[in-house]
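See structure below.
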Amino acid sequence: SDGVIRWNLLQALLRRAAYIVEGALLAVCSGLLGVVVANAIRVLDYDQEPASVWFAVDQWCLGLEAGAVLPLCALAAYLVFSAAAVTEKCSRVPAVVNSGDFGDSGTDMSRHYLVQYIVNSAAGFYIRGTRLTAVWVFKLAYIFAVLSF
């Protein structure tokens, strides 16, 4: 049917977009995690005397470095949460299609077939073959926070 063809087109578009973006997204998030962990190690391994004149200057520089990383962390979180939002929106499509009224009683079976096809296709944003959902992103955020602090 026409709905299946359109859904296949949309799913192919989502898969291709995810494939193109996944490498850059993983590189940005991995690099950012490395920078945050390196800054945390540097702050925790700080061993200068508080009486030193350079102590205040070094603390100020550490604060600037940490402050420069925070907007990048926020941007990376926004990107990952936006990608997960695509998957969450795709998971709501079957309910929207099922609530549609196609006019005659003969289309109930075709609508049921289309809804089941959409559910079983599991469209969404995939990274390395794993479906990126909001639950998955919250787990990653938790791991990121644990490794950062």
Side-chain angles (χ1 to χ4, degrees), residues 1-47 57-149:
S1 80
D2 189 41
V4 172
I5 294 170
R6 288 176 187 237
W7 185 253
N8 279 339
L9 182 63
L10 179 65
Q11 187 176 4
L13 181 67
L14 283 172
R15 291 271 179 151
R16 182 66 182 157
Y19 176 75
I20 290 171
V21 174
E22 77 180 1
L25 189 63
L26 286 174
V28 166
C29 291
S30 300
L32 192 58
L33 180 63
V35 168
V36 168
V37 169
N39 277 339
I41 289 171
R42 189 167 165 217
V43 167
L44 293 174
D45 195 35
Y46 193 77
D47 62 351
V57 173
D58 286 343
Q59 289 292 4
W60 188 72
C61 289
L62 286 174
L64 280 179
E65 288 175 8
V69 171
L70 289 178
L72 296 175
C73 290
L75 181 61
Y78 176 75
L79 289 174
V80 173
F81 277 108
S82 296
V86 171
T87 302
E88 298 302 322
K89 288 179 182 179
C90 287
S91 68
R92 291 189 210 111
V93 170
V96 172
V97 171
N98 198 31
S99 67
D101 184 21
F102 296 110
D104 59 345
S105 63
T107 59
D108 285 341
M109 287 306 293
S110 63
R111 181 175 57 201
H112 176 71
Y113 171 73
L114 179 60
V115 168
Q116 287 302 313
Y117 185 80
I118 292 171
V119 168
N120 293 332
S121 68
F125 198 89
Y126 284 81
I127 293 182
R128 301 283 186 215
T130 304
R131 191 171 185 212
L132 186 64
T133 61
V135 173
W136 196 78
V137 171
F138 279 117
K139 287 179 184 178
L140 283 177
Y142 178 74
I143 291 170
F144 185 80
V146 167
L147 290 177
S148 297
F149 300 108

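Along the sequence shown, residues carry numbers from 1.
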Any residue meeting ring-ring contact (aromatic ring centres under 6.0 Å, His included) with Phe81, in chain and number order, not counting sequence neighbours: Phe138
Contacts of Leu26 that satisfy side-chain contact (heavy atoms from CB on, under 4.5 Å) - sequence neighbours left out: Ile127, Arg128
Nearest non-hydrogen partners of Pro94 and Cys90, listed with the distance: CD-O, 3.7 Å
Nearest atoms (heavy-atom pairs only) where Gly124 meets Tyr126: O-CD1, 3.5 Å
Heavy-atom closest contact (Val4 atom, Leu114 atom, distance): N-CD1, 3.7 Å
For Arg131, salt bridge (Lys or Arg N to Asp or Glu O under 4.0 Å) partners two or more places apart: none
Salt bridge (charged side-chain N to carboxylate O under 4.0 Å, His left out) contacts in which one or both residues fall within residues 72-81, not counting sequence neighbours: none
Non-neighbouring partners of Gln116 that pass side-chain contact (heavy atoms from CB on, under 4.5 Å), sequence neighbours left out: His112, Asn120
Thr87 (side chain) donor-acceptor with Phe125 (main chain) under 3.5 angstrom: yes
Qualifying side chain to side chain donor-acceptor pair (under 3.5 Å) pairs with a residue from residues 3-16, counting only residues at least two apart or across chains: Asp2-Arg6, Trp7-Ser121, Asn8-Tyr117
Gap separating the CG atom of Leu10 from the CG atom of Leu14, nearest 0.5 angstrom: 4.5 Å
Pairs flagged by salt bridge (charged side-chain N to carboxylate O under 4.0 Å, His left out) wherever residues 72-97 is involved - sequence neighbours left out: none
Side chain Ser99, main chain Val96, donor-acceptor under 3.5 Å: yes
Heavy-atom pair with the smallest gap, counting every atom of Leu72 and Leu32: O-CD2, 3.3 Å
Shortest non-hydrogen separation from Ala83 to Leu132 and the atoms involved: CB-CD2, 3.5 Å
All pairs passing salt bridge (charged side-chain N to carboxylate O under 4.0 Å, His left out) where residues 23-35 contributes a residue, at least two apart: none
